[in-house]
Amino acid sequence: MKVATWNINGIRARLDVALTWTREVSPDVLCLQEIKSEDAAFPAERFEELGYNVATHGQKGFNGVALLSKLPLEDVSRGLPGSDTDDHARFIEAVISVPSGAVRIVSLYLPNGNPIDSDKFPYKLAWMQRLERHAREMLAREETFALCGDFNVIPTDADARFPANWRNDALMQPETRAQYRRLLNLGLTDAFRACDAGDGSYTFWDYQAGAWQKNNGIRIDHILLSPQATDRLVGAEIDKRVRGWEKPSDHVPVIVELDV
DNA sequence: ATGGCTGCAGGATGCAGA
């Protein structure tokens, strides 16, 4: 089963690119972030025509996540547990029945957190703590699951072309990295890193200042696997071709192959 | 470079992004 995650940066502005890529790569599951649409405005029928079931958790203007799957999406749940006041649409999860049992897929858009002296940064850290709690519960159930999405975390200096540029950025703060490690240390595996130990692989290049042309990128889109999912990991890749397409998202898809 | 693009809401620019 091929599972992909992609921060699409506006599904309506990006529909042609998204459909072209989906037709070509034909992932079994596609997790989208930053759909920047309310549920009713998401062009679900265009993906249903390609054979996908669609579940969205959108909001007006910004944020918004979606799950697309060739197999039915069961037990769809919207919103990250653990807050009564968080009204950002950043989390959706569902279960997919597969020959070996069931796989839970999460599509998440972790808060950016900039600037770090604003209340956005503690919001990011609190969101990460809620994610850790949620992951702990899923692990306790020994589920086969994948946390897929834009984590807005540069895990190590090897994940940035110019680490010094990000020293004051929320994506690379010591607190951010420490909380990300706490998540990993529960027993999750960074699927891409498990398959590619080298540096120089990125998932985001800014629109500004020729970042793509200079390969001034960062790796912030991740797929984290539970131990049961890691046992079934076949491969992982970043499809950076897409960043060079016409009217691209500033993020590119990350893909894992699971033998389920 | 002082965020140098980009999408969105709304109907001009301001916000958000990373």
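The structure displayed is predicted, hence computed values, not measured ones. A, B, ... follow the sequence lines: proteins, then strands. Residue 1 opens every chain. Heavy-atom basis, side chains included; hydrogens, waters and symmetry copies ignored.
Between A:R12 and A:N114, the one whose closest nucleotide on DNA chain B sits nearer the 5' end is A:R12. Heavy-atom distances to DNA chain B give each of A:Y207 and A:D250 a nearest nucleotide, and the one nearer the 5′ end belongs to A:Y207.
In this structure, the side chain of A:T144 does not engage the main chain of A:V103 through any donor-acceptor pair within 3.5 Å. A donor-acceptor pair under 3.5 Å is absent between the side-chain atoms of A:R12 and the main chain of A:P43, judged by distance alone.
When ring centroids are compared, A:W21 and A:W6 come within the 6.0 Å threshold. Between A:Y109 and A:H88, the ring center distance fails the sub-6.0 Å criterion.
For A:K120 and B:dG17, the shortest distance from a side-chain N or O to OP1 or OP2 is below 4.0 Å. The phosphate of B:dC8 (OP1 or OP2) has no side-chain N or O of A:R14 nearer than 4.0 angstrom.
Comparing atom distances between the A:K60 side chain and each of B:dG4, B:dA9, B:dC8 picks out B:dA9 as nearest. When distances are taken from the side chain of A:Q208 to each of B:dC5, B:dG17, B:dA9, the shortest belongs to B:dC5.
Using a 4.0 Å heavy-atom criterion, one finds that A:R219 contacts no nucleic acid atom at all.
Every pair passing ring-ring contact (aromatic ring centres under 6.0 Å, His included) that includes a residue from residues 201-221 of chain A is listed here, sequence neighbours excluded: A:F204-A:H251, A:W205-A:W212.
Considering CG of A:D169 and CD1 of A:I154, their distance stands at 6.0 Å, rounded to 0.5 Å.
Contacts of residues 30-42 of chain A with DNA chain B (heavy atom under 4.0 Å): A:E34, A:K36.
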